[in-house]
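Reviewing the structure listed below.
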Protein chains: 2
Amino acid sequence: MRITKQREIILQILREKRSHPTALEIYNMAKEHIHDISLSTVYRTLKDMVEKGEIVELHMEGETKARYDLNLDNHAHFKCRHCGRIFDIEIMFPLKLIGFKVERTDIYIYGICSQCSKKEVLA
Amino acid sequence: MRITKQREIILQILREKRSHPTALEIYNMAKEHIHDISLSTVYRTLKDMVEKGEIVELHMEGETKARYDLNLDNHAHFKCRHCGRIFDIEIMFPLKLIGFKVERTDIYIYGICSQCSKKEVLA
DNA sequence: ATTTGTGCAAATCCTTTGCAGATAA
DNA sequence: TTATCTGCAAAGGATTTGCACAAAT
């Protein structure tokens, strides 16, 4: 895989932004650095990275667009029903399934984040 | 929500088939009972059910189509990299996140199932 | 009678692909 | 050089929507 300015920017965005951006969001951020970058390049690069295991593709409940995450540790994603933000949560739990070979674990948690919990608005 | 034969069949399929079918698979099974059922009705009904919390929508790694699951207990889904089957796994773990209100937890586990593990073919 | 659901076809949204030119090794 | 990468436009696949008719309450 060759090092191009497109790939460097995409990787840099994923490193700096820990907000689990979508391909379109990455594309818009990348455009500020490379004005003629194309959405297909972003999609192609992200797909390559996923196949190489460098990043992980996430699908949150009720969202059609995939999100991308550089953090390869097994960790959980918490999505707040109120503000929509997605948090990385450190949950390490030893997972043993008899006879099963576990290669990766994705945990999705949905609810209300601590900040939104403080607003009495919510049921 | 009115009780129609279309909705009854879709619910029955989800109850009987515990294979986490896609909308298209549900449509094909439903066609055997209602010959002129449409794919849009299947999609519409599934969407309604998800919104009402009656079923859960799953997105497995590398798959574009959504899958649907009637089991509303918090449980995990194990997908075998070799045979592609998706197993329900009973994992109950007490999840406490300080300040966060947890409403639902989805756990996705990827690897090799016990049956496929027995074949020495696999690395 | 009235409201809600359905099938059909078309539209939409997200993602992938073919290709000819550009770029990294 | 030459194999790989890119942008563009077009294609593809999954899901949604508008509408007129059908069915449930």
Side-chain angles (χ1 to χ4, degrees), chain A residues 1-14 19-69 77 79 84 86 108, chain B residues 1-14 19-69 77 79 84 86 108:
Chain A
M1 192 185 249
R2 292 183 181 169
I3 298 161
T4 64
K5 56 183 197 284
Q6 288 85 346
R7 291 187 186 181
E8 283 180 329
I9 289 294
I10 291 169
L11 201 59
Q12 186 189 318
I13 287 168
L14 284 166
S19 55
H20 312 83
T22 64
L24 190 62
E25 287 166 351
I26 293 167
Y27 166 67
N28 284 322
M29 292 186 258
K31 262 200 299 195
E32 291 174 17
H33 300 90
I34 305 172
H35 301 287
D36 69 339
I37 194 172
S38 75
L39 186 54
S40 358
T41 297
V42 173
Y43 271 113
R44 258 187 298 232
T45 305
L46 291 169
K47 205 181 182 202
D48 282 354
M49 289 172 168
V50 169
E51 280 166 6
K52 290 202 168 46
E54 296 168 6
I55 63 173
V56 167
E57 193 176 307
L58 309 174
H59 289 271
M60 302 304 291
E61 175 185 51
E63 297 186 1
T64 54
K65 295 182 191 174
R67 295 181 173 277
Y68 298 89
D69 187 4
H77 304 99
K79 179 169 182 177
I86 297 163
Y108 293 78
Chain B
M1 190 186 250
R2 290 181 182 173
I3 297 161
T4 64
K5 56 182 197 288
Q6 288 85 345
R7 292 186 187 183
E8 282 179 330
I9 288 293
I10 291 169
L11 201 59
Q12 187 189 316
I13 288 167
L14 284 166
S19 55
H20 311 82
T22 63
L24 191 62
E25 286 165 352
I26 293 167
Y27 166 69
N28 284 322
M29 293 186 258
K31 261 201 299 195
E32 291 172 18
H33 300 88
I34 305 171
H35 302 286
D36 70 338
I37 193 172
S38 75
L39 185 53
S40 357
T41 297
V42 174
Y43 271 112
R44 256 186 298 231
T45 305
L46 291 170
K47 202 179 185 206
D48 282 353
M49 289 173 167
V50 169
E51 280 166 7
K52 290 202 169 45
E54 295 168 7
I55 63 174
V56 167
E57 193 177 307
L58 308 175
H59 289 271
M60 301 304 291
E61 176 186 49
E63 297 185 0
T64 54
K65 295 180 191 175
R67 295 180 173 277
Y68 297 89
D69 186 3
H77 305 98
K79 178 168 184 180
I86 297 164
Y108 293 76

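In the text below, chain A, chain B and the rest are named by the order of the sequence lines, each starting its count at 1. Values below: all heavy atoms of this structure, side chains included; hydrogens, waters and symmetry mates excluded.
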Handout entry: 5' priority, DNA chain C, between Asp36(B) and Ile3(A) [closest heavy atom]
Key =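 The answer here is Asp36(B).
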Practice task
Taking Tyr108(A) for its side chain and His59(A) for its backbone only, find out whether a donor-acceptor pair lies under 3.5 Å.
Solution key: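 Checking the backbone N and O of His59(A) against the side chain of Tyr108(A), a donor-acceptor pair under 3.5 Å is found.
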Expressed as a whole number of angstroms, how long is the span from [X]:[atom1] to [N]:[atom2]?
X	N	atom1	atom2	result
Ile34(A)	dT23(C)	CD1	P	12 Å
Ile37(A)	dA22(C)	CD1	P	18 Å
Arg7(B)	dT6(C)	CZ	C1'	9 Å
Ile10(B)	dT6(C)	CD1	C1'	11 Å

Problem - Close approaches to DNA chain D from residues 42-59 of chain B, in residue order (heavy atom, under 4.0 Å) - result: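 Correct list: Tyr43(B), Arg44(B), Lys47(B).
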Atom of [X], atom of [Y] and distance for their closest heavy-atom approach:
X	Y	value
Tyr68(B)	Ile55(B)	CD2-CD1, 3.8 Å
Ala23(B)	Val42(B)	O-CG1, 3.6 Å
Leu46(B)	Ile10(B)	CD2-CG2, 4.1 Å
Arg7(B)	Asp48(B)	NH2-OD2, 3.6 Å

Exercise for the section: Taking the side chain as every heavy atom from C-beta outward, state whether Thr22(B) and Glu63(B) have any pair of such atoms under 4.5 Å apart. Expected result: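 A side-chain contact under 4.5 Å is absent here.
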Practice task
Would you check if Lys79(A) and Glu61(A) make a side-chain contact, meaning some heavy-atom pair closer than 4.5 Å?
Solution key: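 Not in contact.
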Problem - Along DNA chain D, first and last positions that approach a heavy atom of chain A under 4.0 Å - result: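 Using the under 4.0 Å cut-off, the span is dA3(D) to dA9(D).
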Practice task
For the side chain of Lys65(A), starting at C-beta, report the closest nucleotide among dT15(C), dC14(C), dA25(C).
Solution key: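 Closest of the options to the side chain of Lys65(A): dC14(C).
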Handout entry: Listed nucleotide nearest any side-chain atom of Leu39(A), set dG7(C), dT23(C), dT15(C)
Key =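 Selected nucleotide (nearest to the side chain): dT15(C).
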Handout entry: Residue pair His77(A), Arg67(A): steps toward the side chain to side chain contact (heavy atoms under 4.5 Å, CB included) verdict
Key = CA-CA 11 Å; His77(A) 304 99; Arg67(A) 295 181 173 277; over 6 Å; no
Practice task
For Thr64(B), report the nucleic acid contact type (base, sugar-phosphate, nothing); a contact means any heavy atom under 4.0 Å.
Solution key: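 Contact class for Thr64(B): sugar-phosphate only.
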Exercise for the section: Tell me what Leu24(A) touches on the nucleic acid: a base, only sugar-phosphate, or nothing, going by heavy atoms under 4.0 Å. Expected result: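 Since no nucleic acid heavy atom lies under 4.0 Å of Leu24(A), the category is nothing.
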Practice task
Indicate whether OP1 or OP2 belonging to dG7(C) is found under 4.0 Å from a side-chain N or O atom of Gln6(B).
Solution key: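 Yes.
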Practice task
Examine dT6(C): is either OP1 or OP2 under 4.0 Å from a nitrogen or oxygen in the side chain of Thr4(B)? Give yes or no.
Solution key: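 It does, given that an N or O in the side chain of Thr4(B) lies less than 4.0 Å from OP1 or OP2 of dT6(C).
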Exercise for the section: Could you say whether Lys5(B) or Ala23(B) is positioned toward the 5' end of DNA chain D, judged by the nucleotide with the nearest heavy atom to each? Expected result: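 The answer here is Ala23(B).
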Handout entry: Glu25(A)/Lys65(A) salt bridge by N-O under 4.0 Å criterion
Key =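 No, this pair does not count.
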